[in-house]
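Per chain, numbering begins at 1; letters A, B, ... match sequence-line order.
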There are 2 protein chains.
Amino acid sequence: MNAKILIVEDEPVIQELLAFNVTQAGFQALRAEDADSAWQQIRNNAPDLILLDWMLPNTSGVILAKQLRSDTATRDIPIIMLTARGEERDKVLGLESGADDYITKPFSPRELMARIRAVLRRHVPQRQDEVVAAGGLELLPAAHRVTAKGAAIELGPTEFRLLHFFMTHAERVYSRTQLLDQVWGTQVFVEERTVDVHIRRLRAALEPAGMDSLIQTVRGSGYRFSVN
Amino acid sequence: MNAKILIVEDEPVIQELLAFNVTQAGFQALRAEDADSAWQQIRNNAPDLILLDWMLPNTSGVILAKQLRSDTATRDIPIIMLTARGEERDKVLGLESGADDYITKPFSPRELMARIRAVLRRHVPQRQDEVVAAGGLELLPAAHRVTAKGAAIELGPTEFRLLHFFMTHAERVYSRTQLLDQVWGTQVFVEERTVDVHIRRLRAALEPAGMDSLIQTVRGSGYRFSVN
DNA sequence: TGATTCTGTCACATGTTTGTCACACAAGCT
DNA sequence: AGCTTGTGTGACAAACATGTGACAGAATCA
């Protein structure tokens, strides 16, 4: 959810402005002033989207875009071109440029973010949503629903993800660290004991249905979802 | 995976451009310049998707789309409309047009392919102009009318499209982003919170009939239309 | 044209969720 | 038994998500 956006812009003021807006909107901003540093950033940080200035020193933005498109590793990274007023829309979006969208300077932050989100939206792969059943519980990812013997069970977002993970990884012990990685994500820093609390909340939610014993404590190791 | 795409476009240059891009992307391109040759292609080659120019000689694209939608054999073929800048989005995405998505000329090839892939991916055959009934509500697309237990319910255009989408996609959670794509269209840039407001307006309109609980909030995920 | 509806956005109200404690309790060890 | 370590539990404030009323501009209609 926290997409990385590479800003390729030689003008420091504009670069700063872009980075500010992007960061403000909750994205991670990477920066580059020219084609070389852009490539370096791309190799090291694998951005999800590139904001590319049409005019760049040495190599122009168009040429960089072309190169990006011809390289298998970067072919699928969407590009939004930054152009000066008056550039021909046809040229910008034309075949050779390979841009997904463009925006003319000066631009409103709102429009910039809207375009970024729109482009990202179309490039995010679809996730799976198969029905999961285990231990008398049924979980429907698409409907975001859990039922035990037909009765609905209300869960908060985190408990839902936690249960989903457990149900798809039953009969195996997971440490608190592993659960944090899998359910919270690798980039979140929270106390390990937080897992305990959510386990408790999940058990409490399952308890009315008599399903709370499905989640077992393995002292010294972690937790396990087990049908037995 | 090798989908057949029918391009219906009278302007030779654009037709060529489209065919080139489509082929390049690994699809099979079929071509037609007018409604008659389009029908011929459809009958002979059963395309998986149709790229249709809004303006066509003789019969306009809109009329062809309408015909496609009313013919049982072609009802389920998704359509992407090609429009000039400035066309009304309501008209384009409106129910009478029957388009699944649209794109304005001039467009970027990447954008086009992204749309094609998106439409193919999510394409669930759904009849655009048939009466929909769900959760005690009845919606008549052709008449642009909604009733609950016989009593008419007044809705604005956006609320109508929103409800129509929900009723044809019940029991499933949609994020604000997905709803924007599906109901507002992929080219419209509005705040995500706008969805909330329209949900509220829709609920308010359904409330006199006691049907407002059909639209449920799923915290952290989005909204769901559900009969339960 | 003016009147009327519709839309998108905001600011604020309200309600949930989350991570963290501090402490209680349980299990293993010598 | 005492000691040590690990886990359960209730409370809480801050962060966060959603509901809601108001408003101005756009679109529509007569």
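Aromatic rings of His169(A) and Phe225(A) (six-membered ring for Trp) have centroids beyond the 6.0 Å cut-off, not under it.
Atom CD of Glu171(A) sits in a crowded spot, with more than 12 heavy atoms from other residues, nucleotides or ligands closer than 6.0 Å. The number of heavy atoms from other shown groups lying within 6.0 Å of CZ (Arg145(B)) does not exceed 12.
Whole-Å rounding puts the Arg201(A) CZ to dG10(D) P distance at 12 Å. Put simply, CZ on Phe160(B) is 18 Å from C1' on dT7(C), counting in whole angstrom units. Put simply, CG on Leu162(B) is 15 Å from P on dC6(C), counting in whole angstrom units. The interatomic distance linking Leu180(A) (CG) with dG19(C) (C1') rounds to 11 Å, in whole Å. Across the protein-nucleic acid pair, His198(B) atom NE2 and dT9(C) atom P stand 9 Å apart, rounded to whole Å. In this structure, Leu155(A) atom CG and dT17(C) atom P are separated by 10 Å, rounded to whole Å. What separates NE2 of His144(B) from C1' of dC6(C) is a distance of 12 Å, to the nearest Å. Between Leu179(A) atom CG and dT7(D) atom C1' there is a gap of 15 Å when expressed in whole angstrom units.
Contact annotation: Trp184(A) reaches the phosphate of dG19(C) (side-chain N/O to OP1 or OP2, under 4.0 Å).
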Is there any protein nitrogen or oxygen under 3.5 Å from a nitrogen or oxygen in nucleotides 13-18 of chain D, and what are the pairs?
from    : atom 1 : to        : atom 2 : distance (Å)
dA17(D) : O4'    : Arg219(B) : NH1    : 3.4
dT18(D) : OP1    : Arg176(B) : NH2    : 2.9
dT18(D) : OP1    : Gly220(B) : N      : 2.8
dT18(D) : OP2    : Arg176(B) : NH2    : 2.4
dT18(D) : O5'    : Arg176(B) : NH2    : 3.2
dT18(D) : O4     : Arg193(B) : NH2    : 3.4

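For Arg200(A), the side-chain atoms get nearest to dT9(D) when compared with the rest of dT9(D), dT9(C), dT20(C). Comparing dC10(C), dT18(C), dT7(C) by their nearest atom to the side chain of Pro157(B) picks out dT7(C).
Between the side chains of Ser221(B) and Arg176(B), not a single donor N or O lies within less than 3.5 Å of an accepting N or O. For the residue pair Arg31(A) / Gln15(A), a side-chain donor-acceptor distance below 3.5 Å is found, with atom types taken as modelled.
The aromatic rings of His198(B) and Trp184(B) sit perpendicular to each other, their planes meeting at more than 60°, with 30° as the lower class boundary.
Nucleic acid contact class of Glu159(A) (heavy atoms, under 4.0 Å, all strands): sugar-phosphate only.
With Arg224(A) contributing its side chain and Ala170(A) its backbone, the two residues share no donor-acceptor pair below 3.5 Å.
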